[in-house]
Amino acid sequence: MRELPKVYDPRQVEKKIYDMWLDGGYFHAERDPHKKPFTIVIPPPNVTGQLHLGHAFDETIQDILIRYKRMDGYSALWLPGYDHAGIATQIKVEEKLRNEGKTRFDLGREGFLDEVWAWKNKFGNRIVEQLKTLGSSCDWARQRFTMDDTCAKAVRETFVDLYRKKLIYKGKKIINWCPKCTTALSDAEVEYVDKPGHLWHVRYPLADGSGELIIATTRPETMLGDTGVAVNPADERYKDIVGKKCILPLVGREIPIVADEYVEMDFGTGCVKMTPCHDPNDFEVAQRHNLDFVLMLDEHGRIINGGKYNGMDRYEARKAIVADLEAGGYLVKVEDYAHSVGTCYRCHNDVEPLYSDQWFVKMQPLAKEAIRVVEDGEVKFVPDRFSKTYLNWMYNVRDWCISRQLWWGHRIPAWYCDDCGHVTVSKEDATECEACHSHNIRQDPDVLDTWFSSALWPFSTLGWPEETEDLKYFYPTDVLVTGYDIIFFWVARMIFSACEQTHSIPFHTVLIHGIIRDPQGKKMSKSAGNGVDPVEIIEKYGADALRFNIITGNSPGNDTRFYVERCEAMRNFANKLWNASRFVMMNLTVDEVKLPGELELPDKWVLSKLNTLVKEVRENLDKYELGIAAQKIYDFIWDTFCDWYIELCKARLNGADAKAKEGAERVLLYVLTGILKLLHPFMPFITEEIYQAIPHESEALIIAPYPEYDPALSFPQEEAGFELVMDAIRALRSRRADMGVPPSRKAKVMVCTAEKGIFEAGAQYVQRLASASEVEVLGADYGGDTAGMVAVTTPAARLLMPMAELVDLEAERARLNKELEKAHAQLEAQNRKLANENFVSRAPEAVVNAERERAEKAKALIANLEESLRALG
RNA sequence: GGGAGCAUAGCUCAGCCGGUUAGAGCACUUGCCUUACAAGCAAGGGGUCACUGGUUCGAGUCCAGUUGUUCCCACCA
């Protein structure tokens with residue numbers, strides 16, 4: 001046993017404890033046939049990213065679950081890993097190149113990839129180290145990367161399998177294109193933002209000169225790609241001109257006027273220009289009416305096929321075209337108009353719908369099973385409302401565009417034959433065309449969406465498609481923890497991928513948390529500069545304080561605001577526990593955790609409360625109510641253990657009775673040990689540090705068994721009995737404070753009570769905690785002279801303190817009368833309830849009994865108050 | 001257009017299956033360096049649980065509607 005410093009310093013402890021855990025190999029999950037597995041795969045952070053509070057939130061939840069299960073006897077695997085993050089990483093490396101005056105094309109594909117790998121190797125370890133400072137108990141030996149060989153194999157296997165099942169196809173469609181990232185995006189990767197814009201009304205003259213149409217558009221520049229105008233077939237205004245042609249202003253092209261249900265008559269002018277290559281709806285209308293397809297934007301968002309506008313950037317072109325329309329007299333009017341614009345989730349530039357040849361996953365067939373497993377409850381969302389979010393998306397899911405025009409990622413395993421045109425899709429790198437055996441083949445230059453490999457994460461990380469021992473033992477995984485913002489990106493795709501590839505759900509529970517916001521409730525972001533660096537917080541307050549801050553005062557699925565001051569409060573809590581432990585150790589002479597043979601009243605009280613706590617915390621953890629569990633442990637430690645039990649023990653510890661002292665020591669050590677175990681998943685560092693310093697049964701707290709409810713340690717009667725003593729102590733303190741009596745001014749306390757036994761057992765505690773010089777326990781019927789006595793009244797007792805000089809008879813009487821009034825009101829309320837036939841007959845017995853007890857208590861209080869009044873004379 | 005969340009103390013939030021006198025942290029007031037802890041102890045002040053109606057013996061909690069607010073989804077040119 002060693003001396004602990006007075007103030008807890010996490011910096012002295014956390015690194016040392018983490019290394020101890022690593023050295024002990026405690027994070028490593030063995031395939032143990034005698035244990036049940038419990039598996040969580042980490043949502044892989046971007047390999048070159050930095051830890052932010054969102055990660056801290058996510059990882060803390062997972063670490064709590066893993067540590068709980070590990071202590072509870074499971075072979076608990078928390079599998080860590082990182083995502084190659086195609087677009088994000090490529091952007092970063094290209095940025096770096098730009099600063100050197102280079103582009104990726106200068107390096108060529110191979111050279112560029114070398115550069116990215118170098119970048120990955122340089123920064124990839126940073127986030128690992130940061131996760132460690134949080135205390136994450138990941139099985140680092142099983143660390144994975146979405147670009148490593150195992151994951152690559154899973155990607156190929158899946159791609160080829162889906163291709164053979166015709167669930168992956170290549171086709172020309174309107175996709176989302178980011179001109180900045182110069183790649184296609186999936187629907188999920190587009191964020192719609194309401195932006196102020198304009199509605200330009202433009203004249204399209206009829207070709208036969210018989211009139212004109214007014215067309216309203218938010219994007220005049222796309223008229224370069226117009227190949228028709230559509231009206232609603234039921235629109236009387238345009239009945240006669242359907243089938244005619246009009247002339248596209250500035251361009252001069254004659255384009256047909258068609259009738260299509262898609263057009264809403266009461267929006268704008270009821271005429272819609274058709275730009276099939278740059279609008280998904282127009283595309284469909286064009287297909288129905290055989291309109292031409294004119295592509296008018298290139299990969300960078302510059303004009304092509306647009307005559308004099310060629311080469312202009314899309315925004316520049318808009319200005320030029322509006323000006324020309326106005327000059328040519330085609331512009332009728334301009335209205336302000338706010339509409340939602342799709343933006344790229346990585347670079348936030350406007351996304352262009354673009355007609356393009358891409359690879360897709362056919363979603364309908366896959367969605368079927370993904371819907372069923374959630375509808376049938378095989379996969380549960382916590383909180384449940386997110387299953388609705390998920391299902392709604394899945395019901396309406398559209399084909400997933402998976403090809404990206406990037407270099408960093410899993411290259412699409414498709415080879416095109418220059419001789420016969422056949423496409424060879426193969427798990428192994430193809431060397432010849434599988435149709436004509438020509439060697440004149442080229443691999444598709446594109447890579448797969450990053451989320452394609454993430455989708456396989458729960459099983460690819462365990463070795464799939466190989467039937468590995470790990471896969472057999474740890475898969476399906478158990479809980480997936482993530483924010484609601486990536487349900488579509490990731491959760492949904494893991495579910496259907498697992499169902500299709502492994503014929504199993506990937507996990508049975510999806511635990512959804514919200515996002516961490518700044519004190520104003522705004523999203524934290526780099527650009528807003530309101531981010532808080534968790535590493536700095538850990539440095540200042542400790543990882544335990546950060547973890548506890550994040551996890552308390554917040555419920556599943558809800559956003560939470562981050563207050564640095566709360567970290568201070570949690571650091572104080574850690575310090576409180578530290579000092580309580582110090583106190584226990586200072587008084588400790590026993591060297592094993594073992595309860596004494598004889599328990600005193602407060603011992604039974606605290607043990608019974610601890611026992612209840614154990615039961616409740618387990619229930620809360622099992623229901624993923626981590627915040628509630630944490631709050632209960634906090635309350636127990638601070639209030640029950642520190643403010644009451646430790647104080648209650650001081651009398652015995654300082655007393656002459658050696659046996660009583662030892663008894664107190666043993667119970668203190670037992671309860672402290674229980675607390676450390678309960679708290680460990682939440683505050684792993686400080687609890688381990690203390691555990692190592694006190695007598696302990698396990699070599700480390702991290703693998704000590706989590707406490708279990710023990711019926712033998714439940715003492716409801718003693719618990720309730722001791723509460724009577726505590727009531728008396730509180731009442732005495734309160735009265736003394738009211739009268740301004742300092743603690744140093746001790747006074748004798750006479751207890752008049754029917755509960756003589758309990759108060760006799762509690763007398764020493766009343767004496768110490770209520771600043772009494774001595775305590776005398778008398779019967780309830782004590783009728784001695786009470787002149788000059790201060791009377792303190794609780795339902796169980798009348799407490800008399802001789803303090804003649806402080807007694808104001810009138811004030812005393814008034815006070816007692818006031819209390820009496822309150823007690824009567826209370827009793828009346830109770831009696832009204834109990835007199836209600838409906839209540840007594842319909843409410844559960846326990847509730848009625850509780851009400852009766854309350855009435856009894858009120859009656860007892862009234863009797864005591866009346867007695868006190870009588871005694872005053 | 002569809003869907004969801006939130007509205008509880010000055011601030012930020014808990015409050016699970018409806019059942020004491022609605023809780024916590026921070027802030028505030030008063031008194032204490034009581035030999036574990038002033039990052040502390042004790043005692044207090046502060047709430048018509050957004051509004052209206054309903055179900056119920058009983059509603060912060062369940063239902064309907066209203067208002068405010070946040071978010072998600074959707075092909076509103």
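Below, chains carry the letters A, B, ... as their sequence lines are ordered, and counting in each starts from 1.
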Pick base, sugar-phosphate or nothing for [X], based on heavy-atom distances below 4.0 Å to the nucleic acid.
X: A:F548; value: nothing
X: A:V848; value: nothing
X: A:T218; value: sugar-phosphate
X: A:W644; value: nothing
X: A:E853; value: nothing
X: A:K623; value: base
X: A:R854; value: base
X: A:F386; value: nothing
X: A:R733; value: sugar-phosphate
X: A:N558; value: sugar-phosphate
X: A:G270; value: base
X: A:R735; value: nothing

What is the base-pairing partner of [N], counting Watson-Crick and G-U wobble geometry with both distances under 3.5 Å?
N: B:G53; result: B:C63
N: B:U48; result: none
N: B:A42; result: B:U30
N: B:G18; result: none
N: B:C11; result: B:G25
N: B:A36; result: none
N: B:G68; result: B:C6

Rounded [atom1] spacing from [N] to [M] in Å:
N: B:A22; M: B:G47; atom1: C1'; result: 8 Å
N: B:C51; M: B:A59; atom1: P; result: 15 Å
N: B:G45; M: B:U30; atom1: C1'; result: 10 Å
N: B:C11; M: B:U21; atom1: P; result: 27 Å
N: B:A38; M: B:C32; atom1: C1'; result: 11 Å

Report task. Verify the contact: side-chain N or O of A:R385 to OP1 or OP2 of B:G5, cut-off strictly under 4.0 Å; return yes or no. Result ->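 Checking B:G5 against A:R385, no side-chain N or O comes under 4.0 Å of OP1 or OP2.
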
Query raised in the report: For B:A42, does OP1 or OP2 lie under 4.0 Å from any side-chain N or O of A:R730?
Result: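 The answer is no; no side-chain N or O of A:R730 sits under 4.0 Å from OP1 or OP2.
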
Please determine if [X] and [Y] form a salt bridge, counting it only when a charged side-chain N lies under 4.0 Å from a carboxylate O.
X: A:R398; Y: A:D187; value: yes
X: A:E647; Y: A:K650; value: yes
X: A:D738; Y: A:R815; value: yes
X: A:R219; Y: A:E352; value: yes

Could you check which of [options] has an atom nearest any side-chain atom of [X]?
X: A:F267; options: B:C76, B:G3, B:U21; value: B:C76
X: A:A843; options: B:G19, B:A77, B:G3; value: B:G19
X: A:Y563; options: B:A43, B:A77, B:U12; value: B:U12

Would you check if there is a donor-acceptor pair between the side chains of [Y] and [X] at a distance under 3.5 Å?
X: A:T589; Y: A:E665; result: yes
X: A:T794; Y: A:D727; result: no
X: A:H289; Y: A:D260; result: yes

Query raised in the report: What is the distance, rounded to the nearest whole Å, between atom CD1 of A:I486 and atom C1' of B:C72?
Result: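 Computing the A:I486:CD1 to B:C72:C1' distance gives 15 Å.
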
Report task. Kindly determine whether A:V193 and A:V341 satisfy side-chain contact (heavy atoms from CB on, under 4.5 Å), including the steps that lead there. Result -> CA-CA 5 Å; A:V193 183; A:V341 179; 5.6 Å; no

Query raised in the report: Should the heavy atoms of other residues, nucleotides or ligands under 6.0 Å from NZ of A:K380 be counted, would the total exceed 12?
Result: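 Result for NZ/A:K380: open.
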
Report task. Only one of A:K273, A:R318, A:H278 passes side-chain hydrogen bond (donor to acceptor under 3.5 Å, both in side chains) with A:T222; say which it is. Result ->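 So, applying the side-chain hydrogen bond (donor to acceptor under 3.5 Å, both in side chains) to A:T222 and each of A:K273, A:R318, A:H278, only A:K273 qualifies.
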
Requested in this report: Hey, which sits more toward the 5' end of RNA chain B by its nearest nucleotide, A:E568 or A:D266?
Outcome: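 Of the two residues, A:E568 wins.
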
Query - 5′-ward residue of the pair A:P519/A:D738 relative to RNA chain B - result: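 First, find each residue's nearest nucleotide; the 5'-ward one identifies A:P519.
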
Report task. Encode nucleotides 22-37 of chain B as B, S and - characters from 5' to 3', where the letter depends on protein heavy atoms closer than 4.0 Å: B to the base, S only to sugar-phosphate, - to neither. Result -> --SS------S---BB

